[in-house]
Amino acid sequence: MLDRLIPQQRSTSTRLGGLLILVGETMFLFSLLNFLMITRIQYYSSNDTLFRTLFPEYILFLGGMIVVAFIGMWLTYVYIFPSKQKFSQEQAIKDGRSPMYDRLVQMHEEMHEMQTMIKQLQGQVESLSKDKDK
């Protein structure tokens, strides 16, 4: 019943996905331009003279905003990224949600079995060579 409600994914070319990724990446550049325009509007607003009082020149105001942005980026890099990574990895391994994790666990078990077999075979080879030497 539920299978009928969930639409099936289609096999398509990579053009649509590539276009969306390209647009998403370039939106960052547009947001920089947006930031510049908004700072000019805020700085020259006739209703709010606080920023013109604190920063006598627009370039100083813009520099202050860039410093605040870099502090935000530093905080994000130092605290937010590691936390997000850890959280998403913890979520992926909960309750069998990640087929990739399940496969990794299976491969680890198989590798452990192979290592055990290799050690047993090495022990047999060593005992055979000792018997030959006698």
Side-chain angles (χ1 to χ4, degrees):
M1 174 71 179
L2 187 61
D3 290 338
R4 293 180 189 172
L5 297 174
I6 299 172
Q8 295 296 315
Q9 291 182 334
R10 305 282 184 219
S11 178
T12 62
S13 74
T14 58
R15 288 188 180 134
L16 181 60
L19 179 66
L20 289 174
I21 288 172
L22 183 62
V23 168
E25 293 296 322
T26 45
M27 288 311 290
F28 169 74
L29 300 174
F30 287 112
S31 70
L32 289 176
L33 294 173
N34 234 2
F35 173 75
L36 285 173
M37 289 185 284
I38 289 170
T39 58
R40 288 191 61 83
I41 290 170
Q42 181 62 42
Y43 184 77
Y44 291 112
S45 173
S46 59
N47 295 334
D48 187 3
T49 60
L50 174 67
F51 290 120
R52 284 192 304 256
T53 305
L54 294 174
F55 302 98
E57 295 291 326
Y58 170 72
I59 201 75
L60 294 174
F61 174 69
L62 186 59
M65 293 296 104
I66 290 172
V67 167
V68 168
F70 273 105
I71 290 171
M73 290 186 329
W74 180 82
L75 289 171
T76 300
Y77 181 76
V78 171
Y79 295 106
I80 304 299
F81 280 172
S83 177
K84 282 178 69 174
Q85 278 295 107
K86 186 174 181 179
F87 176 79
S88 64
Q89 289 176 6
E90 286 175 354
Q91 290 300 307
I93 62 172
K94 278 186 177 179
D95 306 327
R97 294 179 188 174
S98 173
M100 183 67 85
Y101 178 76
D102 294 342
R103 181 71 178 132
L104 185 63
V105 169
Q106 179 186 0
M107 289 171 57
H108 183 273
E109 291 170 355
E110 290 172 358
M111 188 174 70
H112 184 67
E113 289 174 11
M114 287 191 289
Q115 287 173 337
T116 305
M117 288 174 59
I118 288 172
K119 285 179 184 177
Q120 289 174 352
L121 290 172
Q122 284 175 337
Q124 290 175 0
V125 167
E126 288 175 5
S127 67
L128 286 174
S129 67
K130 285 180 184 177
D131 290 345
K132 251 187 183 180
D133 292 340
K134 289 183 182 181

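Sequential numbering from 1 along the given sequence is applied to the chain's residues.
Between atom CD1 of residue Ile66 and atom CD1 of residue Ile71 there is a gap of 12.5 Å, rounded to the nearest 0.5 Å. Going from atom CE of Met117 over to atom CD of Gln122 covers 12.5 Å, rounded to the nearest 0.5 Å. Between Lys130 atom NZ and Leu128 atom CG the span is 11.5 Å, to the nearest 0.5 Å. For the atom pair Phe81 CZ and Leu75 CG, the distance stands at 12.0 Å (nearest 0.5 Å). Put simply, CG on Asp102 and CE on Met100 are 11.0 Å apart, with the number rounded to the nearest 0.5 Å. Distance CD/Glu109 to CE/Met107: 12.0 Å, rounded to 0.5 Å.
Applying the ring-ring contact (aromatic ring centres under 6.0 Å, His included) test to Phe61 and every residue at least two apart in sequence or in another chain returns Tyr43, Phe51, Phe55.
At least one side-chain heavy atom of His112 sits less than 4.5 Å from a side-chain heavy atom of Gln115. Contact of the Met73 side chain with the Tyr77 side chain is not registered, since no non-hydrogen atoms from C-beta on lie closer than 4.5 Å. The shortest distance between side-chain heavy atoms of Met37 and Arg40 does not fall below 4.5 Å. Residues His108 and Leu104 are not in side-chain contact: their nearest non-hydrogen atoms beyond the backbone lie 4.5 Å or more apart. Within the 4.5 Å cutoff, the side chain of Leu36 has heavy atoms near those of the Leu62 side chain.
Residues Gln106 and Glu110 have side chains that bring a donor and an acceptor to within less than 3.5 angstrom of each other.
No donor-acceptor distance shorter than 3.5 angstrom exists from the side chain of Ser45 to the backbone of Ile41, with no hydrogens or angles considered. A donor-acceptor pair is defined here as one N or O able to donate and one able to accept, closer than 3.5 Å; no such pair exists between the side chain of Ser83 and the backbone of Ile80.
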What pairs of donor and acceptor atoms, side-chain ones from residues 16-34 against any protein atom, are under 3.5 angstrom apart with sequence neighbours left out?
| from | atom 1 | to | atom 2 | distance (Å) |
| --- | --- | --- | --- | --- |
| Thr26 | OG1 | Leu22 | O | 2.9 |
| Thr26 | OG1 | Val23 | O | 3.1 |
| Ser31 | OG | Phe28 | O | 2.6 |

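Counted within 6.0 Å of CD on Glu57, heavy atoms from surrounding residues, nucleotides or ligands total 12 or fewer; the atom is thus considered open. Under a cut-off of 6.0 angstrom, the local environment of CE in Met111 is crowded, with over 12 non-hydrogen atoms contributed by other residues, nucleotides or ligands.
Taken together through direct or relayed side-chain contacts under 4.5 Å among Ile, Leu, Val, Met, Phe, Trp and Tyr, Met65 and Tyr58 form part of one hydrophobic cluster.
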